[in-house]
Amino acid sequence: MAEVIAGVEIPDTELVRAATSLVRKITDDTLFHHSRRVFLWGALKAAKRGLDVDLELAYVGGLFHDLGLTEFYASKDVRFEIDGAEAARAFLLDHGRSEEDARNVWLAIALHTTPEVPLRLSPEVAAIALGVKTDVLGIGLDELTDDERAEVVAAHPRPDFKNRILEAFYAGMAHRPNTTYGTMNDDVLAHFDPEFKRTDFVELIKGNEWPE
C-alpha cells in the first residue's frame, strides 16, 4: 500500500523503494528526514501551482539532492550539488528511466541552490527548488496549511535542524572550499571558519591577464 503524508502519495514502485533504501543507508537522520521533507514540500507546492509533476522523479530528486555532502558521494573538486546530480542520473538510468528524465533530475539537483532559474524549468526541477527553499529557508510557509506542516513534520521531525543542516553543509564542503565560489555556500564556510577567504569576483576581473 502506498504511503500518504499530508495528502501526498509516495509512489509505491521498485525505483522509489530502492532510492529510499540507498539514501537511508548512507545518510544520517538529519539528511534523510530533510530530503523526504524536501520532496513532500515540493510536491505540495507544485500541486498548488497546478504543475504536473512526475512524483517518482521528484522523489529521487528530493532524496538525492544532498548526497554530495556524504562521504560516499563527495568528490574533492566539484560542487556538492553536481555530485548528487551525477548519482541521481546514474541511478535513474540504471532503473530504466529515460535520458531526458535523468537529465531533468540532474538539473533539479545541480540547480537546487540557484535562485530563480529552477522555477522556469521542468515541473520536477521546480518542485525540488520549492521544497529546498521551504525546508531550509522557510520561504513560503504561508502557502502550506497548519495541518500539512504538522503532518509532514510528524512523519519527518526536524530537531535542531537549523544548526544540524549548517553543520552538514560545512562537513561536506570544508575540504573543497574553492567549489563554493559564486554560490551561497561560501556563506557557510565563512560562518564556521574565520580564516576562510572568499574569491572576489571584482578582483578576478580587475586582476586577470587581459591588458587594458
Side-chain angles (χ1 to χ4, degrees), residues 16 18-42 57-92 94 102 104-115 117-118 124-125 127-139 152-153 155-199:
V16 163
T20 304
S21 176
L22 185 156
V23 175
R24 195 67 185 103
K25 287 177 182 176
I26 65 172
T27 59
D28 61 13
D29 286 348
T30 296
L31 285 183
F32 177 74
H33 290 301
H34 164 58
S35 298
R36 290 261 294 192
R37 290 194 307 269
V38 163
F39 162 73
L40 292 165
W41 302 137
L57 293 181
Y59 187 83
V60 173
L63 258 68
F64 279 61
H65 85 280
D66 273 347
L67 283 193
L69 297 173
T70 67
E71 291 185 12
F72 189 83
Y73 284 102
S75 63
K76 296 180 180 179
D77 55 3
V78 301
R79 291 173 52 169
F80 86 88
E81 299 96 328
I82 293 177
D83 289 334
E86 292 288 349
R89 179 181 180 278
F91 176 86
L92 286 167
D94 286 346
N104 273 335
V105 176
W106 190 98
L107 287 170
I109 297 174
L111 295 174
H112 80 264
T113 57
T114 301
V117 175
E124 294 76 30
V125 178
I128 299 309
L130 289 166
V132 169
K133 290 197 297 182
T134 301
D135 206 52
V136 178
L137 301 175
I139 293 174
V152 170
V153 173
H156 295 290
R158 35 181 298 143
D160 195 29
F161 177 70
K162 294 178 182 179
N163 289 317
R164 291 183 181 183
I165 195 63
L166 285 171
E167 290 166 359
F169 289 155
Y170 182 67
M173 295 185 291
H175 68 286
R176 44 180 165 176
N178 290 337
T179 67
T180 67
Y181 166 66
T183 77
M184 62 191 73
N185 297 328
D186 62 2
D187 291 336
V188 176
L189 299 192
H191 173 78
F192 285 97
D193 181 2
E195 296 183 3
F196 172 66
K197 182 174 174 54
R198 301 172 192 260
T199 300

Participant: Is Arg89 paired with Asp94 through a side-chain N to carboxylate O contact shorter than 4.0 Å?
Facilitator: no
Participant: Going by heavy atoms in the side chains, are Val117 and Val125 under 4.5 Å from each other?
Facilitator: no
Participant: Would you call Glu81 and Thr114 a side-chain contact if the rule is heavy atoms closer than 4.5 Å?
Facilitator: no
Participant: Restricting to non-hydrogen atoms, name the atom on Ala174 and the atom on Pro177 that form the minimum distance, rounded to 0.1 Å.
Facilitator: O-CD, 3.4 Å
Participant: Could you report the tightest heavy-atom contact between Ser35 and Gly62, atom names first, then the distance?
Facilitator: CB-O, 3.3 Å
Participant: Would you confirm whether Asp28, through its side chain, and Leu31, through its main-chain N or O, come within 3.5 Å as a donor-acceptor pair?
Facilitator: yes
Participant: Hydrogens and angles aside, do Tyr59 and Arg36 bring a side-chain donor and acceptor to less than 3.5 Å of each other?
Facilitator: yes
Participant: Taking the side chain as every heavy atom from C-beta outward, state whether Phe32 and Thr20 have any atom pair closer than 4.5 Å.
Facilitator: yes
Participant: I'd like to know if the side chain of Thr70 and the backbone of Leu67 have a donor-acceptor N/O pair within less than 3.5 Å.
Facilitator: yes
Participant: Going from CZ on Arg24 to NE2 on His33, what distance comes out if it is rounded to the nearest 0.5 angstrom?
Facilitator: 5.0 Å
Participant: Mind checking the CZ-OG1 spacing from Phe64 to Thr27? Nearest 0.5 Å is all I need.
Facilitator: 10.5 Å
Participant: For Arg158, is there an ion pair with Asp135 - N to carboxylate O distance below 4.0 angstrom?
Facilitator: yes
Participant: In Å, rounded to the nearest 0.5 Å, how long is the span from CG of Asn104 to CG of Leu92?
Facilitator: 10.0 Å
Participant: Which heavy-atom pair separates Ala108 from Glu124 by the least distance, and what is that distance?
Facilitator: CB-O, 4.1 Å
Participant: Supply the atom-to-atom distance Leu69 CG to His34 NE2, rounded to the nearest 0.5 angstrom.
Facilitator: 8.5 Å
Participant: Test Phe80 against His112 for ring pair (Phe, Tyr, Trp, His ring centres under 6.0 Å), laying out the working first.
Facilitator: CA-CA 11 Å; Phe80 86 88; His112 80 264; 5.7 Å; yes
Participant: For Ala58 versus Ile128, what's the shortest heavy-atom pair and its separation?
Facilitator: O-CD1, 3.3 Å
Participant: What's the shortest heavy-atom distance between Ala88 and Ile109, and which atoms?
Facilitator: CB-CD1, 3.5 Å
Participant: Out of curiosity, Phe169 CZ to His191 NE2, how far, rounded to the nearest 0.5 Å?
Facilitator: 12.5 Å
Participant: Going by heavy atoms in the side chains, are Arg37 and Phe161 under 4.5 Å from each other?
Facilitator: yes
Participant: Could Asp186 and Lys197 be called an ion pair, given the rule that one side-chain N must be under 4.0 Å from one carboxylate O?
Facilitator: no
Participant: Please name all residues satisfying ring pair (Phe, Tyr, Trp, His ring centres under 6.0 Å) with Phe192, sequence neighbours left out, ordered by chain then number.
Facilitator: Tyr170
Participant: Excluding sequence neighbours, so at least two apart, what forms side-chain hydrogen bond (donor to acceptor under 3.5 Å, both in side chains) with Thr180?
Facilitator: none
Participant: Ignoring hydrogens, what is the shortest heavy-atom contact between Ala190 and Arg198? Give both atom names and the distance.
Facilitator: CB-NH2, 3.3 Å
Participant: At what distance, to the nearest 0.5 angstrom, does CZ of Phe72 lie from CD1 of Ile26?
Facilitator: 6.5 Å
Participant: Got a sec, which residues hit side chain to side chain contact (heavy atoms under 4.5 Å, CB included) with Ser75, two or more places apart in sequence or on another chain?
Facilitator: Asp77, Val78, Asp83, Arg176
